[in-house]
Structures are given as structure tokens and as C-alpha cells.
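Here the structure is laid out as C-alpha cells; the discussion comes afterwards.
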Number of protein chains: 2
Amino acid sequence: MPEPATQPNEPDREDLRTRLLAAAEKLVRKHGPDGLSLRELARACGSSTMAIYTLFGGKPGLMEALYVLGFARLHAYALSAEAREAPLRWLVRQMLAYRRFALDHTGLYRLMFGGEKRFTPTGRNSRFASLAAPVEDAYPAFAALVDAVGACMIHHHASAPDPAQVQDLAFLVWGQMHGLVGLEIAGYADPADALGRYQSAVRFICTHCGAAPADVDAELGAAALT
Amino acid sequence: MPEPATQPNEPDREDLRTRLLAAAEKLVRKHGPDGLSLRELARACGSSTMAIYTLFGGKPGLMEALYVLGFARLHAYALSAEAREAPLRWLVRQMLAYRRFALDHTGLYRLMFGGEKRFTPTGRNSRFASLAAPVEDAYPAFAALVDAVGACMIHHHASAPDPAQVQDLAFLVWGQMHGLVGLEIAGYADPADALGRYQSAVRFICTHCGAAPADVDAELGAAALT
DNA sequence: GCCAGTGCTATAACACTGTTATTGATTCGA
DNA sequence: TCGAATCAATAACAGTGTTATAGCACTGGC
């Protein structure tokens with residue numbers, strides 16, 4: 001009996017999309033987001049460029065798929081740093097996890113935050129996309145940051161803070177993390193000082209939330225050992 | 001007497017380089033750093049692409065020229081915000097000037113800090129480029145920031161701070177500014193809240209330097225009127 | 001079992017990019 | 001005035017994203 005040749009339902013078939021995505025991630029890691037070539041990608045997967053068009057609709061669609069993949073990766077980093085029972089540890093580890101994600105995936109990071117508004121996720125309330133939707137609605141990674149900041153503030157301050165105030169502070173924290181990491185990736189930070197400066201930023205922010213500097217240093221030291 | 005036709009020493013001749021640079025800046029503003037086309041640039045200046053090769057040595061050379069032009073522009077913004085007699089006003093205005101530069105020149109800003117190490121200025125100590133040279137040696141704009149932070153700390157703290165401490169804090173300030181501005185350019189900030197959040201970051205940093213929140217708000221209010 | 005119909009992919013072509021070799025004109029120096 | 005040199009324009013090459021065409025394998029109905 002002749003084997004069904006290359007059936008369209010062979011394992012590679014529905015895997016082609018994920019294989020292309022994985023190869024694209026590898027190429028973005030190597031050449032940067034703007035150095036991705038459809039022909040090179042197709043060559044790496046043993047297919048033609050048309051497969052990318054039928055599966056992603058073109059290069060922008062492929063980039064958008066990488067974009068959501070990057071946010072899923074970032075969310076995984078945020079989840080791995082979760083410690084709801086210890087708010088200070090939670091915030092410290094999440095800030096460190098953000099930097100580790102950026103340094104581990106500089107290609108994806110530059111694609112997501114590279115300074116050009118490329119894509120906006122179509123959330124459940126995409127009908128109101130023209131309005132200003134809170135960021136945490138669209139990006140679960142930012143929601144985790146808001147939660148960690150809020151928990152840290154509640155834990156160290158007596159009164160429960162205003163939710164809007166928590167969002168604003170979380171955005172400042174995000175800005176601090178993104179700025180330091182971005183400068184580091186762009187080559188403006190001395191590699192020998194980059195980690196120390198990031199740690200001092202963590203200290204800066206956590207003490208602003210009310211934590212004791214010694215406790216923050218303890219968490220930083222414990223996190224540095226892992 | 002026949003006019004000398006198109007003499008190579010006509011005013012356009014040595015101006016061609018600056019004309020190309022100006023046109024390139026305009027194209028980068030419109031299409032972004034990665035959307036710059038040598039052919040379109042040459043077409044805009046009525047010349048051929050070869051002129052770019054003889055004047056800049058190729059596209060990387062052109063990008064590097066735009067890079068140093070961007071830092072000159074940023075330095076001009078920093079100088080326009082100088083107020084050495086009032087350290088707090090100096091720091092506040094310089095932080096606001098940084099954001100204004102980034103929003104006024106998003107193309108150049110993305111070229112300079114877009115998350116990819118493209119160029120490093122060949123300073124006077126370029127022989128030690130392999131070593132970690134302090135950033136303020138290469139970029140006068142960052143030196144101005146270090147000066148403003150140091151003056152603000154000296155003015156509000158009794159004791160003169162350690163220079164290394166001033167550099168570290170200035171780098172954190174730079175990171176905060178770059179992060180917020182980068183997120184704003186990338187489209188992650190609600191346009192209605194972006195300025196307010198940046199102002200709260202200014203408040204955050206200046207109070208850390210020892211300034212009174214009311215004084216910071218006064219400076220922010222005065223700067224908002226100009 | 002056969003045959004239209006559908007869905008997907010490979011090939012080839014188009015317009016575009018950066019880069020380079022070649023050619024021609026123009027200027028400078030002896 | 002003539003040789004040498006400099007510089008820009010033309011054309012070509014390899015590469016890019018995209019699209020039109022054509023071919024293949026599979027599905028549905030008869």
C-alpha cells in the first residue's frame with residue numbers, strides 16, 4: 001500500500017505555523033526585528049514564502065504574531081516571579097524578572113517596545129479601541145505588575161491606596177524598568193554597573209512603597225542567588 | 001559670455017552634505033529610522049545615490065551622521081533649559097526638555113535609543129573604546145544632566161554628594177525619562193495621562209533630591225506656561 | 001469511481017532596497 | 001595645455017516584500 005505521500009494532515013501540517021513562529025523568533029533574536037527576512041525564514045523551515053502569506057497574511061501579520069508571543073513570554077516571566085504571600089518579594093522578583101526577560105529576548109523586546117507603535121492587541125472591548133483603554137486590560141503582564149505594586153502598597157501602608165494611584169505608580173515603575181533596560185540594550189550602560197544600577201532602582205521604588213531598605217536588600221540578595 | 005554652467009563650486013556644492021542631512025532628517029521623521037531609503041533621499045535632493053556614498057561612505061555612515069546630529073539637537077534642548085542659578089528649576093526644566101525633544105524628534109530619538117546599539121561616538125579617548133568609558137564623556141547632554149542632578153543635590157542636601165553617587169542617580173533619572181518617553185512613543189501611554197505621569201516622575205525624583213514638593217509643583221506650573 | 005470544487009503551496013515576476021563597477025565630465029596641478 | 005585626479009551619474013547585481021499564475025492534493029456529491 002503506498003503511503004499517503006505528503007498528506008496535508010501530516011504532523012508538519014498544522015505544526016508549520018508554530019515551526020515558522022519558532023524559527024522567526026530565532027531569526028529575530030539573531031538579526032533583530034527589522035532584519036527578519038521572509039525568504040530566509042521560509043528557507044529555514046524548508047517551505048516557500050507563500051506559506052507565510054497563507055498562515056499569517058504577510059509580514060505584518062507575522063510580526064504581530066511574534067508580538068503576542070513576546071507578551072506571552074513576558075507574562076510567563078511575571079508568573080514565575082509570583083509570590084502573593086510576600087508582597088515585597090513579589091515586587092522585587094517581578095522587577096528582576098522584567099529585566100531578565102528583556103536581556104534574554106532582546107529581539108522580541110525591541111519588537112514590542114522598540115519605540116514604534118506597531119500593534120495594539122484587540123482585547124474584548126476592541127469596539128472601544130479608539131477610546132483610551134487601560135493598558136492592564138490588554139496586557140496581563142502589566143496587570144501582574146499593578147497587582148504586585150498594589151499588594152506592596154497595601155502591605156506597607158496602613159490605608160488601602162486608590163486604584164488609580166496604584167496604576168499611576170505601576171506605570172512609573174514600568175517606565176523605570178523599561179528605561180534602564182532599554183538603555184542597557186542600546187549600549188549606554190556600562191555592563192559592569194547595569195545590574196547594580198537596576199538593583200538600586202528596585203531599592204528606590206520599594207522604599208517609596210514603604211518597605212524597609214534592609215528588607216529590600218535581603219530580597220535582592222536572595223534573588224541574586226537563584 | 002557663457003555662464004559657468006553648473007560649477008562644482010556653486011553654493012549647492014559644499015552644501016550638498018548638509019542638504020542631504022536635512023532631507024534625511026525629514027525622511028526619518030516621516031518614515032522612521034528603518035524606513036529611510038537612499039534612493040528617495042537622493043531623489044529629494046536632486047542627486048544620485050552615489051553622492052551619499054562619496055559624502056558619507058554609505059548608509060551606515062549617513063545614519064551615524066544623523067546620530068551625532070540627533071545628539072547635537074538634544075544638547076541644544078538641554079542648553080535651552082539651563083538655569084544654573086536655580087538648581088531645582090534647572091533639573092525640572094531639563095527633564096521636561098528631554099521629553100519635548102523626544103516628542104519633537106521621534107525619528108531621531110528612535111535612531112539614537114531605539115534599542116539597538118548602533119554607534120558609539122569616537123571621543124578623545126577612543127583608544128580606550130574597548131574599556132568602559134563613562135557616558136558623560138561622550139555625550140554632553142548627559143553631562144548636563146549629571147550637572148543638574150549634582151547641583152540639585154548640593155543645593156538641598158547639606159553635604160556635597162559623592163560624584164559617583166551623582167552619576168548613578170543621574171543614570172536612574174535618565175532611565176526614568178527614557179522609559180516613560182519610550183513607552184509614550186511606542187503607544188503604551190494614554191495620551192491624556194502621559195504628561196501628568198511624566199510630571200509626577202519629575203516630582204518623584206526632585207523630592208528624592210531633597211526639594212519640597214510645593215517648590216517642584218511651582219516649577220512645573222511655571223514651565224507649563226511657557 | 002469519477003469529477004467539479006476548494007484550499008494550499010511552489011514558481012516566477014514586479015517594484016523596491018543597498019551596494020558596487022563602470023563611465024563620463026569637471027576640476028586641479030605641473 | 002595636458003595629464004591626473006575627483007566626483008557624480010548610469011547601469012548592473014543581489015537581496016527584499018508582495019502578488020499573479022499555475023499546479024498539486026484533498027473533499028464533496030453523484
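Order of the sequence lines fixes the chain letters, A, B, ..., with proteins taken first and strands second; residue numbering starts at 1 for each chain.
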Using the ring of each side chain (for Trp, its six-membered ring), is B:Phe113 parallel, tilted or perpendicular to B:Tyr98, with breaks at 30° and 60°?
-> tilted

Distance, rounded to the nearest Å, where B:Asp15 contributes CG and D:dA8 contributes C1' = 17 Å

Thinking salt bridges, do B:Asp147 and B:Arg84 make one under a 4.0 Å N-O criterion?
-> yes

Any donor and acceptor pair, going by atom type alone, linking the side chain of A:Tyr198 with main-chain N or O of A:Met177 inside 3.5 Å?
-> no

Measure the distance from CZ on B:Phe56 to P on D:dC7 and round it to the nearest whole Å.
-> 14 Å

Is there a donor-acceptor pair closer than 3.5 Å between any side-chain N or O of A:Arg110 and the backbone N or O of B:Gly115?
-> yes

Does A:Tyr53 put a side-chain nitrogen or oxygen below 4.0 Å from OP1 or OP2 of D:dT18?
-> yes

From the options D:dG17, C:dT20, D:dA20, select the nucleotide whose nearest atom is closest to the side chain of A:Leu38.
-> D:dG17

Specify whether A:Tyr188 and B:Trp174 have parallel, tilted or perpendicular ring planes, treating 30° as the upper limit for parallel and 60° as the lower limit for perpendicular.
-> perpendicular

Listed in order of residue number, which residues of residues 26-37 of chain A have a non-hydrogen atom at under 4.0 Å from DNA chain D?
-> A:Leu36, A:Ser37

Find the distance A:Leu55:CG to D:dT18:P and express it as a whole number of Å.
-> 15 Å

Compare the minimum distances between each of D:dA8, C:dT19, C:dC8 and the side chain of A:Thr54, then state the nucleotide with the smallest one.
-> C:dC8

Selection from C:dG18, D:dA9, D:dT18 that lies nearest to any side-chain heavy atom of B:Lys59 = C:dG18

4.5 Å side-chain heavy-atom contact, A:Lys59 and A:Leu38 = yes

Comparing nearest nucleotides in DNA chain C, the 5'-proximal residue of the pair B:Pro60, A:Met50 is A:Met50

Interatomic distance, B:Leu41 CG vs C:dT19 P [rounded to whole Å] | 13 Å

So does A:Arg39 reach the base of D:dG17 with its side chain, donor to acceptor, closer than 3.5 Å?
-> yes

Got a salt bridge between A:Asp104 and A:Arg73, using NZ or NE/NH1/NH2 to carboxylate O under 4.0 Å?
-> no

Can you check the A:Leu62 CG to D:dT18 P distance for me, whole Å?
-> 10 Å

